Q: 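Before I ask anything, let me first share the structure, which is written out below as structure tokens.
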Amino acid sequence: TYNYDPKLAKKLLAEAGYPNGFSMDLYYHASAYYGINQTVEAVVLYLQQVGIKATVKPALQIQILQMFAKNRGRHDFSYIGVTALPVANVGANPLEMLTLAYWSRGAFAPYYNAAYDKLVDEALATVNEQKRKKLVMEAVQILHDDVAAYPIWNSVYVYTMKKGINFAPIQHRLPAMRLADVTLAK
């Protein structure tokens with residue numbers, strides 16, 4: 001984790017050649033998740049404090065995915081946004097999520113690292129579960145070391161219940177309440 005330190009941030013920006021900050025677009029999934037608007041507002045204020053002017057660009061999830069698809073294979077493309085990552089809380093195979101979000105041959109990956117791609121290719125080709133697990137863990141370590149994504153937000157869903165009603169929420173990144181999961185207590 002990184003501590004909040006605007007003074008250090010300004011120093012690092014100057015060392016990187018941006019002594020007066022810079023301007024950038026900041027995308028977010030408009031109205032897709034509870035709390036995301038407030039998070040974007042806070043991020044913009046933090047960036048302003050160090051000289052970064054963020055132009056907020058609300059977009060529907062399909063628009064963001066189309067932008068990723070359009071720029072697929074471009075190693076000079078970058079995306080800065082406040083959004084949910086598809087690798088957490090979806091209940092799917094981790095390798096499937098890694099190919100979707102970060103594998104350069106994936107349809108929507110705004111990320112490129114040849115070593116990462118090689119590990120994912122090997123993991124996709126192996127049937128040995130232990131070997132695949134090791135390859136996935138090495139690939140995740142590359143994502144961590146590269147800071148391919150820096151999660152600053154995750155939604156939390158709170159459910160309240162009325163006495164006499166039982167509800168078992170599904171494990172998924174989007175809030176969902178299926179009637180099949182709601183029963184009356186006997």
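All residue numbers refer to positions in the sequence shown, counting from 1. All of these numbers come straight from a predicted model, not from anything done at the bench.
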Q: Decide yes or no for Val136 and Leu119: does some side-chain heavy atom of the first lie under 4.5 Å from some side-chain heavy atom of the second?
A: no
Q: How many angstroms lie between atom OH of Tyr27 and atom OG1 of Thr55, to the nearest 0.5 angstrom?
A: 9.5 Å
Q: What is the distance from atom CD of Glu41 to atom OH of Tyr28, rounded to the nearest 0.5 Å?
A: 8.0 Å
Q: Side chains of Met67 and Tyr79: does their closest heavy-atom pair fall under 4.5 Å?
A: yes
Q: What residues, two or more places apart in sequence or in another chain, satisfy side chain to side chain donor-acceptor pair (under 3.5 Å) together with Glu129?
A: none
Q: Does Ile52 belong to the same Ile/Leu/Val/Met/Phe/Trp/Tyr cluster as Leu8, with side-chain heavy atoms less than 4.5 Å apart forming each link?
A: no
Q: Under 4.5 Å between any side-chain heavy atoms of Lys70 and Gln66, yes or no?
A: no
Q: Indicate if Leu47 and Leu12 have the same hydrophobic cluster label, given that clusters are the connected sets of ILVMFWY residues with side-chain heavy-atom separations under 4.5 angstrom.
A: no
Q: In this structure, are over 12 heavy atoms from other groups packed under 6.0 Å from Tyr46 atom OH?
A: no
Q: Locate the shortest heavy-atom distance separating Ala59 from Ile64; write the atom from each residue and the value.
A: CB-CG1, 3.8 Å
Q: When rounded to the nearest 0.5 angstrom, what distance separates CD1 in Ile142 from OH in Tyr102?
A: 13.5 Å
Q: If I take atom CD from residue Glu122 and atom NZ from residue Lys131, how far apart are they, to the nearest 0.5 angstrom?
A: 6.0 Å
Q: Decide side chain to side chain contact (heavy atoms under 4.5 Å, CB included) for Phe22 and Leu13; before the verdict, give the C-alpha distance in whole Å, the side-chain angles of both, and the deciding distance to 0.1 Å.
A: CA-CA 9 Å; Phe22 59 88; Leu13 282 168; 3.6 Å; yes
Q: Ignoring hydrogens and angles, tell me if any N or O in the side chain of Asn3 forms a donor-acceptor pair with the backbone of Asp5 under 3.5 Å.
A: no
Q: Where the side chain of Asp146 meets the backbone of Ala148, is there a donor-acceptor pair that is under 3.5 Å apart?
A: no
Q: So, using salt bridge (Lys or Arg N to Asp or Glu O under 4.0 Å) as the criterion, who are the partners of Lys11 when residues are at least two apart?
A: Glu15
Q: Can you tell me which residue among Val40, Val43, Asn37 is in a side chain to side chain contact (heavy atoms under 4.5 Å, CB included) with Val56?
A: Val40
Q: For Ala123, does its backbone N or O pair with a side-chain atom of Thr126 as donor and acceptor, under 3.5 Å?
A: no
Q: Side chains of Lys53 and Val44, heavy atoms from C-beta outward: is any pair under 4.5 Å?
A: no
Q: Can you confirm whether Tyr111 sits close enough to Leu143 that some side-chain heavy atom of one is under 4.5 Å from a side-chain heavy atom of the other?
A: yes
Q: Give the intermediate values and the outcome of side chain to side chain contact (heavy atoms under 4.5 Å, CB included) for residues Val50 and Lys7.
A: CA-CA 8 Å; Val50 298; Lys7 186 176 177 180; over 6 Å; no
Q: With a 4.5 Å cut-off on side-chain heavy atoms, are Gln141 and His144 touching?
A: yes
Q: Check step by step if side chain to side chain contact (heavy atoms under 4.5 Å, CB included) holds for Arg105 and Val120.
A: CA-CA 10 Å; Arg105 286 180 289 289; Val120 171; over 6 Å; no
Q: Shortest non-hydrogen contact from Lys10 to Gln49?
A: CE-O, 3.0 Å
Q: Could you state the interatomic distance from NZ (Lys57) to CG (Leu26), rounded to the nearest 0.5 Å?
A: 11.0 Å
Q: Could you work out the complete set of other residues in the hydrophobic cluster of Met137, with links drawn between I, L, V, M, F, W and Y side chains under 4.5 Å apart?
A: none
Q: Atom CD1 of Ile80 and atom CG of Asp25: how far apart are they, to the nearest 0.5 Å?
A: 8.5 Å
Q: Using a 4.5 Å cut-off on heavy atoms from C-beta on, say whether the side chain of Leu124 contacts that of Trp103.
A: yes
Q: Measure the shortest side-chain to side-chain distance between Leu95 and Arg132 over non-hydrogen atoms and say whether it is less than 4.5 angstrom.
A: yes
